[in-house]
Amino acid sequence: ALLDVDLMGTNALGYSGSYEVWDYNTTDLIYLGFNTVKGYCKDAQVRQALGRAIDRESITAIPYARHAVAAVLPVHPGSPLYDQDLAAQSDYAPETLVELLQSRSGPGQPLKLVVNSENNAKVSAAQYIAYQLQAAGLEVEVEKLSWDSYLAALTAGSFDLYVGEVMLTADFDLSALVSSSGALNYGGWTSEQTDQLLAAFRAASGAARGQAAQQLYAHLTQSSPIAPICFKHGSLLTQWGRLAGLQPRQSNIFYGLDSWQLDP
């Protein structure tokens with residue numbers, strides 16, 4: 001048997017220990033979205049501090065059972081576009097939020113973090129995020145909603161924070177998430193500079209693509225319309241000990257088929 005599954009997906013089936021798991025990278029991004037139009041998260045400095053208070057490694061280890069890889073930037077860490085130096089400048093540093101809260105007043109009421117209740121991994125991730133923000137001094141209420149209610153809350157802007165998921169295209173185009181007219185831009189982020197940098201990134205090729213990506217990610221790190229959390233893995237399941245040498249890819253689970261070894 002050969003099964004291509006999302007072990008962390010909504011309504012994912014349970015599989016017994018008789019299967020061997022071969023994980024592969026995907027463009028499936030889990031992120032924390034902010035309401036950039038109103039409320040406490042309207043301030044970019046607040047959004048930056050919130051993003052830095054998230055321990056992404058703990059989220060990939062526990063809620064996602066290591067079927068994901070932590071990402072500070074909105075591009076897969078395995079991509080040559082991932083800028084390790086820039087990521088390090090924005091990585092886990094909860095003291096950033098602690099210091100912010102010491103220098104200014106808090107929101108005055110708990111922040112509302114909404115999440116789709118139908119996905120256990122996302123609910124667990126939302127709870128981890130809430131715990132981590134609370135440890136830094138913020139009150140956070142996790143609101144678990146059915147898919148329809150969750151979508152309605154996002155559309156109405158009835159949230160401070162939300163846990164979102166999007167399958168990006170292979171070129172990691174973020175237009176749907178953070179462009180002024182993006183279909184998934186529930187946080188209401190609008191920025192002429194963001195739109196220009198997105199357009200430049202889409203148009204770039206060759207060596208210019210890396211430079212365009214660096215400029216875009218530096219800008220998004222400063223403005224923080226979203227906080228990337230991790231990229232999920234896809235998983236190929238085979239009967240235990242029957243196959244070896246698998247090298248699945250998101251675009252082709254049979255990649256390297258000629259090197260597979262079958263144990264009769």
Side-chain angles (χ1 to χ4, degrees), residues 29-59 63 70-74 83 85-115 122-123 125-145 150 153-164 174 177-180 182 184-195 197 215-230:
L29 173 65
I30 303 295
Y31 65 96
L32 181 66
F34 302 108
N35 190 330
T36 69
V37 177
K38 61 184 178 180
Y40 194 61
C41 300
K42 185 176 180 179
D43 187 315
Q45 189 178 3
V46 168
R47 297 194 298 270
Q48 287 177 37
L50 292 174
R52 299 204 68 181
I54 299 169
D55 182 0
R56 292 162 173 80
E57 294 293 344
S58 70
I59 292 173
V72 179
L73 306 179
D83 187 329
D85 291 337
L86 178 61
Q89 295 169 22
S90 304
D91 209 347
Y92 183 49
E95 64 274 11
T96 305
L97 180 56
V98 173
E99 292 167 1
L100 179 75
L101 291 171
Q102 290 173 343
S103 66
R104 64 165 73 182
S105 59
Q109 59 186 10
L111 297 182
K112 183 162 82 169
L113 169 55
V114 301
V115 62
K122 279 200 281 248
V123 169
Q127 291 170 331
Y128 263 70
I129 290 169
Y131 295 152
Q132 290 163 5
L133 297 183
Q134 287 166 351
L138 272 179
E139 287 189 74
V140 180
E141 286 183 357
V142 177
E143 194 166 320
K144 306 166 194 175
L145 303 172
Y150 169 77
L154 296 189
T155 302
S158 181
F159 63 90
D160 294 297
L161 311 161
Y162 71 94
V163 174
L174 300 166
L177 277 180
V178 295
S179 72
S180 298
L184 303 178
N185 183 4
Y186 296 114
W189 175 248
T190 55
S191 163
E192 185 177 344
Q193 185 179 3
T194 303
D195 293 341
L197 289 170
Q215 292 173 345
L216 174 61
Y217 300 147
H219 165 70
L220 292 177
T221 297
Q222 288 297 314
S223 54
S224 296
I226 62 169
I229 303 296
C230 60

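Atoms considered below: every heavy atom in the structure, side chains included; atoms not considered: hydrogens, waters and symmetry mates. Here the structure is a predicted model, which is why all the values come from computation and not from measurement.
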Distance (rounded to the nearest 0.5 Å) between Leu133 CG and Tyr128 OH
14.5 Å
To the closest 0.5 Å, what do you measure between CG (Leu138) and CG (Leu111)?
5.5 Å
So do the side chains of Lys122 and Tyr150 get within less than 4.5 Å of each other, counting heavy atoms only?
no
Check whether any side-chain heavy atom of Glu139 sits under 4.5 Å from a side-chain heavy atom of Gln109, and report yes or no.
no
Within this structure, what is the OH-OG distance for the pair Tyr92 and Ser58, rounded to the nearest 0.5 Å?
7.0 Å
Any heavy-atom pair between the side chains of His219 and Thr194 that's under 4.5 Å?
yes
What pairs of residues pass the side-chain hydrogen bond (donor to acceptor under 3.5 Å, both in side chains) test when at least one of them lies in residues 31-44, not counting sequence neighbours?
Tyr31-Tyr162, Asp43-Arg104
Is it true that a side-chain atom of Asp160 and a backbone atom of Gly39 form a donor plus acceptor pair closer than 3.5 Å?
no
Can you name the nearest heavy-atom pair linking Trp189 to Arg47, along with the distance?
CZ3-NH2, 3.3 Å
Gly137 and Leu101: which non-hydrogen atoms are nearest, and at how many Å?
C-CD1, 3.7 Å
Separation of Leu73 CG from Leu216 CG (nearest 0.5 Å)
10.0 Å
Determine whether Ile129 and Leu161 make a side-chain contact, defined as any pair of heavy atoms from C-beta on separated by less than 4.5 Å.
no
Test item: Lys112 side-chain N/O and Ser158 main-chain N/O as donor-acceptor pair under 3.5 Å:
yes
Look at atom CD of Glu95 and say whether more than 12 heavy atoms of other residues, nucleotides or ligands are closer to it than 6.0 Å.
yes
Within the side chain of Gln48, is there an N or O that forms a donor-acceptor pair under 3.5 Å with the backbone of Ser224?
no
Does any non-hydrogen side-chain atom of Leu29 lie less than 4.5 Å from one of Leu177?
yes
To the closest 0.5 Å, what do you measure between CD1 (Ile226) and CG (Leu220)?
7.0 Å
If you take all heavy atoms of Ser191 and Ser180, which pair is closest and at what distance?
N-OG, 3.6 Å
Of all heavy-atom pairs linking Val46 and Cys41, the shortest is CG1-CA, 4.4 Å
Side chains of Leu174 and Tyr217 in contact at under 4.5 Å (non-hydrogen atoms)
yes
Do Gln193 and Ser223 have a side chain donor and acceptor closer than 3.5 Å?
no
Just verifying a value: how many Å separate Ile229 CD1 and Asp55 CG, rounded to the nearest 0.5 Å?
10.0 Å
Indicate the atoms forming the closest heavy-atom contact of Gly51 with Arg56, along with that distance.
O-NH1, 3.0 Å
Side chains of Leu97 and Leu50: closer than 4.5 Å at any heavy-atom pair?
yes
Donor-acceptor contact present, side-chain Arg52 to main-chain Pro94, <3.5 Å
no
I need the minimum non-hydrogen distance between Ala130 and Val140, along with the two atoms involved.
CB-CG1, 3.9 Å
Beyond-backbone contact of Gln127 with Pro63, side-chain heavy atoms, under 4.5 angstrom
no
